Amino acid sequence: MSGVWSQGERERYARHFVLPGFGESGQQKLRRARALVVGVGGLGSPVALYLAAAGLGTLHLVDADRVSVSNLQRQIVHGTATVGRPKPESAAVRLADLNPATLLELTMARFSSANARTLVRDADIVVDGTDNLKTRFLINEACLERGIPFVYGAVSQYEGQTGVLCLSGGPCYRCLFPLCPPEDAVPDPERVGLLAVVPGVIGTLQAAAAIRWITRYAETPVGRLQIYDARLGEVFSIEIARDPACPACGGATGGSSTP
C-alpha cells in the first residue's frame with residue numbers, strides 16, 4: 001500500500017497523525033501489518049475492535065464457536081442480533097462498520113496442530129484470545145517456528161494477565177508453563193464466574209501491545225507480565241525470565257520479524 005492518504009483517512013486517523021512518535025509513519029506500519037487473533041470472545045472482542053479502529057491492514061479472526069446469549073455479558077464485539085452466528089462472522093459485522101478499510105479474514109475452525117502453520121504463515125503477530133491451554137501451547141510453538149511475537153492473555157474471576165512472549169531474548173509460553181496441565185486444572189468461568197470488564201481490560205492491553213510492537217512508537221518490554229486485579233483496581237507488572245531448559249525454545253527465543 002502507498003503512503004498516500006485519502007481525506008477520509010486523514011480525518012479518521014487524525015489523532016494518530018499528530019501523536020508524537022507515531023505520526024504518519026506509525027499509521028503506515030499499521031496499514032501494512034497483518035494480525036492473527038485466535039479466539040473472538042472476551043479477549044478477542046476488544047483486541048479486534050481496537051486493532052480495526054486503529055487502522056490495521058489485515059485482521060484474521062479464528063474461532064469455531066457460535067455466539068450465545070451468555071457471551072454478551074463480556075464479548076462486546078457481538079450483539080443480540082448475531083446470536084447463533086459463527087463468532088468470526090458476527091464480529092465481522094461490527095468490524096466492517098467500524099473500519100471498512102481493514103481487510104477481514106475469517107476462519108470458522110479451531111486453531112489446531114493441523115492448521116496452525118497455515119494460519120500463522122502470513123501473520124506478523126499473533127494475539128491470544130483463547131480460553132484453552134492446549135491451544136496456547138500450539139500458538140507458542142507456531143510463533144517460535146515463524147519467529148513472530150505471541151501476545152498472551154488470560155482471565156479468571158476478578159483477575160487477568162498479559163505479556164508479549166517469543167521475543168528475542170525473552171521467554172516463550174513454555175518457559176512459564178513447561179507442561180500443559182489438565183484442562184480441569186483451570187477454573188471454568190461457567191462455574192466460578194468472570195467479571196465482565198476483566199477481559200475488556202486485558203484485551204485492551206493486548207491490543208495496545210500489538211500496536212506498540214507493529215508501529216515501534218516505543219520499545220516492547222521483554223520478559224514482563226502485566227496483571228490486573230479488579231478488586232484492587234490496579235495493574236502491576238512482574239518480571240518473567242526465559243528458562244534455559246525450556247522444552248520449546250531452549251531459553252533462546254528466535255526473535256521476531258519486522259512487519
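If you read the sequence from its start, that first residue is 1, and numbering goes on from there. In this text, all values refer to a predicted model and were calculated from it rather than measured experimentally.
Side chains of Ile148 and Val126 form a contact here, defined as non-hydrogen atoms less than 4.5 Å apart. Between Glu24 and Arg10, some side-chain heavy-atom pair lies under the 4.5 Å cut-off. Looking only at side-chain heavy atoms (C-beta outward), Asp122 and Leu36 stay at 4.5 Å or farther from each other. Annotation: side chain of Thr107 is in contact with side chain of His60 (closest heavy-atom distance under 4.5 Å). Residues Leu59 and Leu103 have side chains not in contact (no heavy-atom distance under 4.5 Å, counting atoms from C-beta outward). Counting only heavy atoms from C-beta outward, the side chains of Thr58 and Glu105 approach each other to under 4.5 Å. The shortest distance between side-chain heavy atoms of Val155 and Tyr228 does not fall below 4.5 Å. Looking at Val151 and Asp128, their side chains never come closer than 4.5 Å, going by heavy atoms from C-beta outward.
Under a cut-off of 6.0 angstrom, the local environment of CZ in Arg15 is sparse, with at most 12 non-hydrogen atoms contributed by other residues, nucleotides or ligands. Other residues, nucleotides and ligands place no more than 12 heavy atoms under 6.0 Å from the OH atom of Tyr50. Heavy-atom contacts from other residues, nucleotides or ligands closer than 6.0 Å to OH of Tyr158 number 12 or fewer.
In terms of heavy-atom proximity, Leu106 sits nearest to Ala92 at CD1-CB, 3.9 Å. Taking every heavy atom of both residues into account, Ala230 and Val198 meet most closely at CB-CG2, 4.0 Å. Contact record, Ala207 with Leu51: O-CD2, 4.0 Å, taken as the closest heavy-atom pair. Taking each heavy atom of Ala210 and Val127 in turn, the nearest pair found is CB-CG2, 4.3 Å. Between Ala52 and Asn99, the shortest heavy-atom distance links the atoms O-ND2, 2.8 Å. What you find for Pro88 and Met108 is that their closest heavy atoms are CB-SD, 3.5 Å.
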Practice item. Would you please test Arg110 and Asp65 for salt bridge (charged side-chain N to carboxylate O under 4.0 Å, His left out) and show each step? Key: CA-CA 8 Å; Arg110 296 197 181 282; Asp65 293 338; 3.2 Å; yes
Check step by step if side chain to side chain contact (heavy atoms under 4.5 Å, CB included) holds for Thr220 and Leu167. CA-CA 9 Å; Thr220 296; Leu167 293 171; 3.6 Å; yes
Please walk me through it: do Val37 and Val62 pass side chain to side chain contact (heavy atoms under 4.5 Å, CB included)?
CA-CA 6 Å; Val37 179; Val62 180; over 6 Å; no
Discussion item. Side chain to side chain contact (heavy atoms under 4.5 Å, CB included) for Gln161 and Gln226? Distances and angles first, verdict last.
Written reply: CA-CA 5 Å; Gln161 57 184 242; Gln226 290 179 289; over 6 Å; no
Verdict with supporting geometry, Glu141 and Arg146, salt bridge (charged side-chain N to carboxylate O under 4.0 Å, His left out): CA-CA 9 Å; Glu141 181 180 341; Arg146 222 355 225 108; over 6 Å; no
Determine whether Glu219 and Arg212 satisfy the following criterion, salt bridge (charged side-chain N to carboxylate O under 4.0 Å, His left out), listing intermediate values before the conclusion. CA-CA 7 Å; Glu219 290 294 320; Arg212 181 174 60 244; over 6 Å; no
- Message: Working note: Leu43 + Ile202, criterion side chain to side chain contact (heavy atoms under 4.5 Å, CB included); need CA distance, chi angles, decisive distance, verdict.
- Response: CA-CA 7 Å; Leu43 294 172; Ile202 298 301; 3.6 Å; yes
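Inspection of the Asn132 and Thr130 side chains reveals no N or O donor paired with an N or O acceptor under 3.5 Å.
Judged by distance alone, the side chain of Asn115 and the main-chain N or O of Ser112 form a donor-acceptor pair under 3.5 Å. Judged purely by atom type and a 3.5 angstrom limit, Glu159 has no side-chain atom pairing as donor or acceptor with the backbone of Ala154. For Arg136 (side chain) and Gly153 (main-chain N/O), a donor-acceptor pair under 3.5 Å exists by modelled atom type.
The aromatic rings of Tyr13 and Trp5 stand perpendicular to each other, their planes meeting at an angle above 60°, with 30° marking the opposite boundary. Under the 30°/60° scheme for interplanar angles, the aromatic rings of Tyr173 and Phe137 are found to stand perpendicular. Taking the six-membered ring where the residue is Trp, Tyr152 and Phe150 present perpendicular rings, their angle passing 60° and hence far from 30°.
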Distance-only donor-acceptor pairs under 3.5 Å for side chains of residues 69-87, two or more places apart:
| residue | atom | partner | partner atom | Å |
| --- | --- | --- | --- | --- |
| Ser70 | OG | Ser68 | OG | 3.0 |
| Asn71 | OD1 | Ser68 | N | 2.8 |
| Asn71 | OD1 | Ser68 | OG | 3.1 |
| Asn71 | ND2 | Ser68 | OG | 3.3 |
| Gln73 | NE2 | Leu194 | O | 2.9 |
| Arg74 | NH1 | Ser70 | O | 2.9 |
| Gln75 | OE1 | Lys87 | NZ | 3.0 |
| His78 | ND1 | Ser90 | OG | 2.7 |
| His78 | NE2 | Val40 | O | 2.8 |
| Thr82 | OG1 | Gly79 | N | 3.3 |
| Thr82 | OG1 | Gly79 | O | 3.0 |
| Thr82 | OG1 | Ser90 | OG | 2.7 |

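Under a hydrophobic clustering in which Ile, Leu, Val, Met, Phe, Trp and Tyr are joined whenever their side-chain heavy atoms come within less than 4.5 Å, directly or via other members, Leu19 and Leu30 fall into the same cluster. Ile125 and Leu49 fall within the same hydrophobic cluster, where Ile, Leu, Val, Met, Phe, Trp and Tyr residues are linked whenever their side-chain heavy atoms come under 4.5 Å apart, directly or through other members. Taken together through direct or relayed side-chain contacts under 4.5 Å among Ile, Leu, Val, Met, Phe, Trp and Tyr, Phe177 and Leu165 form part of one hydrophobic cluster. Side-chain heavy atoms closer than 4.5 Å link hydrophobic residues (I, L, V, M, F, W, Y) into clusters, and following such links, even through other members, never connects Leu95 to Val93.
Separation of atoms CD (Glu11) and CD (Glu9) is listed at 11.0 Å; rounding is to 0.5 Å. Atoms SG and CG, on Cys166 and Leu144 in that order, are 4.0 Å from each other to the nearest 0.5 Å. The distance from the SG atom of Cys249 to the CG atom of Asn140 is 7.5 Å, given to the nearest 0.5 Å. In this structure, the separation between CG on Leu225 and CG on Leu176 is 7.0 Å, given to the nearest 0.5 Å. Atoms CD and CG, on Glu234 and Asp229 in that order, are 7.5 Å from each other to the nearest 0.5 Å. Tyr217 contributes atom OH, which lies 7.5 Å from atom CD1 of Ile211 (distance to the nearest 0.5 angstrom).
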